[in-house]
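Inspection log for the structure reproduced underneath, given as structure tokens.
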Amino acid sequence: MGKVIFWLVVFFAFLLVLRLVNVAKQKRNRPAEPPPPGRLPETMVRCHDCGVYLPREEAQATLRGFRCRDGQCETRKSRTH
Ligand SMILES: [Zn+2]
């Protein structure tokens with residue numbers, strides 16, 4: 001009976017060592033590096049003058065809302081209205 005317990009202990013010790021080795025390997029293979037800086041999807045806003053949708057970064061914030069910064073805004077505005 002003592003022999004069985006001895007082998008059980010050896011078996012579990014072996015499993016424990018295998019597990020430790022695996023963890024160590026994974027840590028070595030995957031060093032803690034920051035994730036690549038993924039760009040957030042751009043927020044689209046609507047120009048209150050001509051109704052064109054454009055990225056938030058390219059829009060100009062006004063009191064009434066957002067507006068396109070390019071000179072085409074007036075052209076589009078006169079075309080749609
Ligand atoms: Zn516009």
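Index from 1, following the sequence. Atoms within each ligand, like the ligands themselves, are counted from 1 in listed order.
Below the 2.8 Å limit, the Zn ion (ligand 1) has as protein N, O or S neighbours C47 SG, C50 SG, C68 SG, C73 SG.
Take F12 and apply the side chain to side chain contact (heavy atoms under 4.5 Å, CB included) test, not counting sequence neighbours, and it matches L8, L15. The side chain to side chain contact (heavy atoms under 4.5 Å, CB included) check on V9 picks up I5, with sequence neighbours excluded.
Between V4 and W7 there is no side-chain heavy-atom pair separated by less than 4.5 Å.
The shortest heavy-atom contact between C73 and C47 is SG-SG, 3.7 Å.
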Listing, residues 59-68 side-chain donor-acceptor contacts under 3.5 Å, not counting sequence neighbours, or none:
unit_1: T62; atom_1: OG1; unit_2: H48; atom_2: NE2; d: 3.1
unit_1: T62; atom_1: OG1; unit_2: R64; atom_2: N; d: 3.4
unit_1: T62; atom_1: OG1; unit_2: G65; atom_2: N; d: 3.3
unit_1: T62; atom_1: OG1; unit_2: G65; atom_2: O; d: 2.8
unit_1: R64; atom_1: NH2; unit_2: D49; atom_2: OD1; d: 3.4
unit_1: R67; atom_1: NE; unit_2: D49; atom_2: OD2; d: 2.8
unit_1: R67; atom_1: NH2; unit_2: E74; atom_2: OE2; d: 3.0

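Taking CG from L54 and CZ from R46, the interatomic distance works out to 11.0 Å, rounded to the nearest 0.5 Å.
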